[in-house]
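These notes are about the structure you will find just below.
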Amino acid sequence: MSEATTKEFSVIGKSVPKIDARDKVTGRAKYTGDLKVTGMLIGKILRSPHAHARILSIDTSKAEQLPGVEAVITAKDVPATFYGISPARYDETILAIEKVLQVGDKVAAVAAVDEETAVKALGLIDVEYEVLPAVLDPLRAMDEDQPQIHPQYERNISVEIHQDFGDVEMAFQQSHLVRTDRFQGNRATHVPMEPHAAISKWENGKLTIWSSTQSPHYFQYHIARVFGLKMGDVRVIKPTVGGGFGGKLEPSAAEYVSAALAMKTGRPVKIVFDRKEVFFHNRGRHAQHIELTTGVTKEGKILGVHGKYIIDGGSYTSLGIASAYYAGAMLPLIYEFDHFKFDCFRVHTNLPSCAAQRGHGAPQPRFAFESQLDMIAKELGMDPIEIRKVNARRPNTMTLNDLKVNSCEFMACLEKAREISGWVGKKGKLPPGQGIGIGCGGFITGAGYPIYRTRLPHAAAIVKVSEQGDIATLYIGAVDIGQGSDTILAQMAAEAIGINYEDMRIVSADTETTPHDFGAYASRQTLMSGHAVKQAGEEVRRQIIELAAELLEASVADLDIDRRVIFVKGSPEKMLPFETVANEFFIRKGPLMGKGSYTPPKLGGKFKGAAVGTSPAYSFAAQISQVEVDEETGQVMVTNVWDVHDCGTVINPNLLHAQVEGALFMGMGEAMYEQVVFDDKGRPLNANLGEYRVPTALDVPQVISELVDSYEPAGPWGVKEVGEGATLPTMGSYANAIYDAIGVRLYDLPLTPEKVWRAIHERKKPS
Amino acid sequence: MGTAIKKGKLHVVTLTVNGEEHAVLVKANTTLLDLLREEFDYTGTKKGCELGDCGACTVLMDDRPVNSCLVLAVEADGHSFTTIEGVEQGGKLDRLQEEFINQAAVQCGYCSPGMILSGKALLMRNPHPTEREVREAIGGNLCRCTGYVRIVKAILAAAEANS
Ligand code: FES
Ligand code: FES
């Protein structure tokens, strides 16, 4: 029997309030932009008005003379080191050296006594450009007549992937039905409510950066490399962060430029992006153009899948190579099939760079797959849930691309979603204009390999009990960006030690005071950082019990701790309070500490790109949506969504459901509204929150989030992913529900009223 | 409004923030948002867009919610403001703040000050709102983390406690 069902937990499994909630509801929580450092200057970045241009000259003299301006810098004043995510594709610099590659590219910067002066100074910098033809259409980016953006990437190909598993041609020959459909994704973007921000301080050869970051560690690594500093001379501190969703996973100009300006002026420099700059920096969803071919048997069993993709990477590589691999690697996860071919070109355009966003690379292919599966079910006369059940992954299986799945309750998710949504009574039975549809997903619980090559463990933790034994502090590099990792890791530490949640304090995400952790991405922290915390807490517990055994004259094996009481099992009157033993420990032996670390097992196959998609554990989810479509206007109203998630043991039910709701909400925005659009010069037309439509409280449906029983053997206490998985099913479930409502199939995201309306009129046309 | 006395390039503005009266010299182009954040250090008032699109900068102006990025400091003259720092009274949280905590309506928290103030303004003028009225009241406050599910619940729970 699993651990989960045999032991009552004291602290985990409870919806304790978030550790930082009080600070957040009173306005006391300090985000990077709220901090003031003595002597601080304000930095601003001059950005390119052109999508592709050669910089002929930059005259900064007038700006330099403006009173209040302390420094003006261009590329010649900063290291020319190229940076990025993978060494083979380091292709971005702090400031543009010879060419600008997108509207909003970084050209020069100023530091001044206040924002107004800094902005005025930007206006005094004269830049002469030779405007070059720009690549704006990803589908044409590889054509011979298109200009080449980077000298090292011929035909603007950023990466070309060809993976071939089994024999897809043979699978298609054996299929009863083979369908090919084309889908088009959108350029969605994260929109964290807090824009990117950093304050850099340069003192005695040491660079300290307060940053709105998802990963102090990667920031420290990249910033040290670019400036030629020892990692120990770069300290990255994360104050409270106002959301990330993948957009704050690598240093931006906020960090690089503020650091360069701090070094030049000797004074701290703060840079806070305005909303437009957040759109320029982007690193959001790649728009993917997908041609998907799937072959099935008469019974709906999937035999083979071939995905051909062209995806728009934008100006720089960033994390985009991984995004491209993820676009294929996650397809074979939730349904079992043996033959798969994946061909993908990630191309450069002169548009903002694309990278990781919640669900990294996987949501648009999932939209395509879930849509096509419904079309196949229709042709076979099958119920959409039935065809999914025929193909659903089972526990303890290996995907065709060598991803090892332990726990998997996908089948139970499908069953439960069907039940709680009232599917049987609704499918095909709702009044005209109303419909119901299903979409599914699955996601990793942390990446099996870090972003750069290193043998460091993925997570580490230290727990220190106070001298009086009244509180314990968890020191952890894991990064709370709002999702609540500080809270659930404190719960885990308390559980492992045997004390209360209220006794826990936490110091997190500071490269100098907390041990290494790769940070908040790929839904990794509950499992990976959680392992390190469990180990650290148990080390404290062991030491406390050893001393208590001595004091109580009992044997170690007979002792237990629960909520601060150390007692002899079976005779609870023989007990000692935690603080007494902890205090005695300090007197006799010094600090009472525990430490832990976690490295995942070696995972994955041998083929090129095999590392992407590996993970110690995978989540699964089924989502059902109900919609009402106004055939006159094309307006779609989603009235209800039911999500059933297989996420292993739950540490904090409230926070867990909040993650599902948030992830689903992000999928909903991408499905229905969100798309950055550009004019014919590559200038964004909606780089603001009025015209880039993030759903409001009036747009969202009723959401029911439910779970199925599950226990993941690779996770501490049986935990696995929850933060991203619920983004994946949404787009497909909406498209399928719209089809059910009005019988029109939409292939392009977002599913706007205009597209719905046009599709309705297409259908009505006499053929 | 706009009666602030001009002193050279600066204007004298008298306003009350969280019950405290202030007289300050401001430039004509200073926003109320910057005045609150930079001059008074009420950094709980957040900056998300500076265009009136996100509601992160919501404060109460004579008990009505406004986007402080769209109010000039000179227009604040003679008015009374509540920022998120003024909602807790004598170390005791407002019921709405408590419900935001209880219902897990706070994730990154960047929208929370504005949400709480919009919610508070609603409950002051309408102590028993419907769900629809709650959604309308926070319709100008964007949240990217929660999908609004728990924010709506929290405001309704606080209203429930009113009765
Ligand atoms: S900052 Fe005022 S509405 Fe966004
Ligand atoms: S909690 Fe993050 S924006 Fe609302």
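Convention: sequence-line order gives letters A, B, ...; per-chain numbering from 1.
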With heavy-atom distances below 4.5 Å as the criterion, would you say the side chains of Leu689(A) and Leu142(B) are in contact? yes

Is it true that a side-chain atom of Tyr148(B) and a backbone atom of Asp699(A) form a donor plus acceptor pair closer than 3.5 Å? no

I'd like to know whether NZ of Lys120(A) has more than 12 heavy-atom contacts from other residues, nucleotides or ligands below 6.0 angstrom. no

Applying a strict 4.5 Å limit to non-hydrogen atoms, the region of Ser112(B) in contact with chain A is side chain

With a 4.5 Å limit on heavy-atom distance, are the side chains of Glu50(B) and Arg275(A) in contact? no

Would you compute the distance between atom CG of Asp53(B) and atom CZ of Arg693(A) and round it to the nearest 0.5 angstrom? 11.5 Å

Side chains of Lys47(B) and Val272(A), heavy atoms from C-beta outward: is any pair under 4.5 Å? no

Please flag which part of Glu131(B) lies under 4.5 Å from any non-hydrogen atom of chain A: side chain, backbone, both or neither. side chain

Side-chain contact test, heavy atoms from C-beta onward, threshold under 4.5 Å: evaluate it for Gln107(B) versus Ile481(A) and give yes or no. no

Determine the option with the most heavy-atom pairs under 4.5 angstrom with chain A, choosing from Ala56(B), Cys49(B), Cys54(B), Gly48(B). Gly48(B)

Greater than 12 external heavy atoms within 6.0 Å of Lys153(B)'s NZ: yes

Which answer fits Lys27(B), side chain, backbone, both or neither, if we ask what part of it has an atom under 4.5 Å from a heavy atom of chain A? side chain

Heavy-atom distance under 4.5 Å between the side chains of Cys108(B) and Phe245(A), does that happen here? no

Who wins among Leu51(B), Asn102(B), Leu93(B) for the most heavy-atom pairs under 4.5 Å with chain A? Leu93(B)

Arg144(B) side-chain N/O to Met193(A) backbone N/O, donor-acceptor pair under 3.5 Å: no

Measure Glu691(A) against the heavy atoms of chain B and call it side chain, backbone, both or neither at under 4.5 Å. neither

Could you tell me the separation between the CD1 atom of Ile101(B) and the NZ atom of Lys24(A), rounded to the nearest 0.5 Å? 11.5 Å

Select one option (side chain, backbone, both, neither) describing which atoms of Ala29(A) are under 4.5 Å from chain B's heavy atoms. backbone

Can you tell me how far the CD atom of Glu88(B) sits from the CZ atom of Arg22(A), to the nearest 0.5 Å? 5.0 Å

Any Arg28(A) side-chain heavy atom under 4.5 Å of Glu85(B) side chain: no

A side-chain contact here means heavy atoms from C-beta on lying under 4.5 Å apart; do Leu698(A) and Arg132(B) qualify? yes

Nearest 0.5 Å, please: how far is CG in Asn654(A) from CZ in Arg150(B)? 5.0 Å

Top residue by heavy-atom pair count (under 4.5 Å) with chain A, among Asp41(B), Val134(B), Asp34(B)? Asp41(B)

Can you tell me which portion of Ile116(B) sits under 4.5 Å from chain A's heavy atoms? Options are side chain, backbone, both or neither. side chain

Option that, when pairs with chain A are counted at under 4.5 Å, heavy atom only, ranks first among Cys143(B), Pro113(B), Cys145(B): Cys145(B)

In Å and rounded to the nearest 0.5 Å, what is the CD to SG distance from Glu194(A) to Cys111(B)? 12.5 Å

Region of Lys30(A) that comes under 4.5 Å of a non-hydrogen atom in chain B: side chain

With chain A, which of Gly147(B), Gly44(B), Gly86(B) has the greatest number of heavy-atom pairs at distances under 4.5 Å? Gly147(B)

Checking His190(A) against chain B: side chain, backbone, both or neither under 4.5 Å from a heavy atom? backbone

Chain B heavy atoms under 4.5 Å from Val241(A): which part of the residue, side chain, backbone, both or neither? backbone

Please state whether the side chain, the backbone, both or neither of Tyr110(B) comes within less than 4.5 Å of a heavy atom of chain A. both

Can you tell me which portion of Thr26(A) sits under 4.5 Å from chain B's heavy atoms? Options are side chain, backbone, both or neither. both

Shorter than 4.5 Å, heavy atoms on both sides: which option in Val278(A), Val191(A), Val694(A), Val703(A) has the most such pairs with chain B? Val191(A)

Checked Gln483(A), Met668(A), Glu116(A) vs chain B; the most non-hydrogen pairs under 4.5 Å come from Glu116(A)

OG1 (Thr696(A)) and CD1 (Ile138(B)) are apart, to the nearest 0.5 Å, by 8.5 Å

Look at Val87(B), Asp94(B), Val152(B), Thr43(B) and state which one has the largest set of heavy-atom pairs under 4.5 Å with chain A. Thr43(B)

